[in-house]
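Just so it is clear, the values below take in all heavy atoms, side chains as well, and ignore hydrogens, waters and symmetry mates.
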Amino acid sequence: MQDGESVDPQATLPFNASQSPFVAKLEEQVPSFLEAVEAKLPFVKTYYADHVCWRTETMEDYQELVAHLRENAELLIESEIGGRPIATFQLNRGIPCRGGRQHVNVVEIPAPKVGSPYREGLEHVEFVIGQTQVPNETTRGTASPVNDATHQSMLQKMMEDHPQLNWNEKAKKKHVNPDVSVKVIANEIDSGMAST
């Protein structure tokens, strides 16, 4: 390690997949999912992967998975968005990615929308732009960024730097946690990339 180099604090913690079959599935799939997205969008390799989204096929699947995760992870929030519940969990141990240089430790579980079927599995990963430090235990739970000129400038620059992509800007003007996204196909799953 070089002087001044940032280290992911979870890099030294052992991962115990036996705690949860679902977490073991995430440990198996998240690193290759992130690699597949990065292969399609190489510029995101410099961004911190904030969280992954795991889709469920039915409301029963959603309820069972959320109940399971309540016993095996920390519920950060569950709220209704777009007419259906979405739960976000902090895993007990991060999933090592990028050769152990980063650990993804948050998973978002949306209930399926009526009339919008999805296969169960990883659906998207969100990256943070403009952040120079990998989040750790002391920065966990900090407030989402409020939309301001700085955020708009960073989002605009990223889109201008990659004009060949079909950017979705519908969430760019959100008051809190503004983002833009682009769809790519990774691991045969339709996956969006959002940056905030």
Colleague: Hey, does the side chain of Asn92 reach the backbone of Asn72 with a donor-acceptor pair shorter than 3.5 angstrom?
Modeller: yes

Colleague: Within the structure provided, determine whether Ile109 and Phe22 are in side-chain contact (heavy-atom separation under 4.5 Å).
Modeller: yes

Colleague: Assess the side chains of His68 and Ser20: does a donor N or O sit below 3.5 Å from an acceptor N or O?
Modeller: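 A donor-acceptor contact under 3.5 Å links the two side chains.
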
Colleague: With rounding to the nearest 0.5 Å, note down the distance linking CG in Leu75 to CZ in Arg70.
Modeller: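 Answer for the CG-CZ pair, Leu75 versus Arg70, is 5.0 Å.
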
Colleague: Rounded to the nearest 0.5 Å, what separation is found between the CD atom of Glu126 and the OG atom of Ser181?
Modeller: 8.5 Å

Colleague: Between Lys40 and Glu35, does any side-chain N to carboxylate O distance fall below 4.0 Å?
Modeller: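 Salt bridge: no.
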
Colleague: May I have the step-by-step check of side-chain contact (heavy atoms from CB on, under 4.5 Å) for Asn168 and Val182, ending in yes or no?
Modeller: CA-CA 6 Å; Asn168 178 337; Val182 62; over 6 Å; no

Colleague: State, to 0.1 Å, how close Tyr48 and His103 come at their nearest heavy-atom pair, and which atoms those are.
Modeller: OH-O, 3.8 Å

Colleague: Carefully, step by step, assess Ile129 and Met154 under the rule side-chain contact (heavy atoms from CB on, under 4.5 Å).
Modeller: CA-CA 7 Å; Ile129 63 172; Met154 286 188 294; 3.9 Å; yes

Colleague: I'd like to know if the side chain of Arg84 reaches the main chain of Ala111, judged simply by a donor and an acceptor atom lying under 3.5 Å from each other, with no hydrogens or angles considered.
Modeller: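 Yes, because the side chain of Arg84 sits within donor-acceptor range (under 3.5 Å) of the backbone of Ala111.
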
Colleague: Between atom CD of Glu64 and atom OG1 of Thr58, what is the distance when rounded to the nearest 0.5 Å?
Modeller: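 Answer for the CD-OG1 pair, Glu64 versus Thr58, is 7.0 Å.
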
Colleague: Look only at the side chain of Trp167 and the backbone of His162, and say whether a donor-acceptor pair between them is shorter than 3.5 Å.
Modeller: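 Flag set: sc Trp167 to bb His162 pair under 3.5 Å.
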
Colleague: Is the shortest heavy-atom distance from the side chain of Lys172 to the side chain of Met159 under 4.5 Å?
Modeller: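 Counting from C-beta outward, Lys172 and Met159 do come under 4.5 Å.
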
Colleague: Any side-chain heavy atom of Glu123 within less than 4.5 Å of one from Glu108?
Modeller: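 Glu123 does not reach Glu108 side chain to side chain.
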
Colleague: Does a salt bridge link Glu38 with Lys45, judged by any charged N lying under 4.0 Å from a carboxylate O?
Modeller: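 Looking at Lys45 together with Glu38, the answer is no, because their closest N to O distance does not fall below 4.0 Å.
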
Colleague: Check for a donor-acceptor pair, side chain of Gln102 on one end and backbone N or O of Cys97 on the other, with a separation under 3.5 Å.
Modeller: no

Colleague: Side-chain contact test, heavy atoms from C-beta onward, threshold under 4.5 Å: evaluate it for Met59 versus Pro85 and give yes or no.
Modeller: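 Of all side-chain heavy-atom pairs linking Pro85 with Met59, at least one is under 4.5 Å.
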
Colleague: Group every Ile, Leu, Val, Met, Phe, Trp and Tyr by side-chain heavy-atom contacts under 4.5 Å, then state whether Ile86 and Phe89 land in the same group.
Modeller: no

Colleague: Is there a side-chain contact between Val107 and Leu91 (heavy atoms, below 4.5 Å)?
Modeller: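 Side-chain contact under 4.5 Å: yes.
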
Colleague: Quick one, Trp54 and Leu26 - any side-chain contact, counting heavy atoms below 4.5 Å?
Modeller: yes

Colleague: Considering only NZ, NE, NH1 and NH2 on the basic side and carboxylate oxygens on the acidic side, decide whether Lys174 and Asp179 come within less than 4.0 Å.
Modeller: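 Salt bridge: yes.
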
Colleague: Nearest 0.5 Å please: distance from the CE atom of Met158 over to the CG atom of Asp161.
Modeller: 9.0 Å

Colleague: Of all heavy-atom pairs between Ser32 and Gln29, which one has the smallest distance, and what is that distance?
Modeller: OG-O, 3.2 Å

Colleague: State, yes or no, whether a side-chain contact exists between Asp50 and Val104 at a heavy-atom distance under 4.5 Å.
Modeller: no

Colleague: Within the 4.5 Å heavy-atom criterion, are Lys183 and Asn166 side-chain neighbours or not?
Modeller: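 SC-SC contact between Lys183 and Asn166 ruled out.
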
Colleague: Between Ser116 (side chain) and Lys113 (backbone), is there a donor-acceptor pair under 3.5 Å?
Modeller: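 No, the answer is negative, given that no donor and acceptor are paired below the 3.5 Å cut-off.
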
Colleague: Working to the nearest 0.5 Å, report the span between CZ of Phe33 and CG of Leu122.
Modeller: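 Answer rounded to 0.5 Å: 5.0 Å.
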
Colleague: Quick one: closest heavy-atom pair of Pro112 and Thr56, and the distance?
Modeller: CD-OG1, 3.5 Å

Colleague: In sequence, state the C-alpha distance, the side-chain angles, and the governing distance for Glu78 and Thr88, and then conclude on side-chain contact (heavy atoms from CB on, under 4.5 Å).
Modeller: CA-CA 6 Å; Glu78 183 174 22; Thr88 304; over 6 Å; no

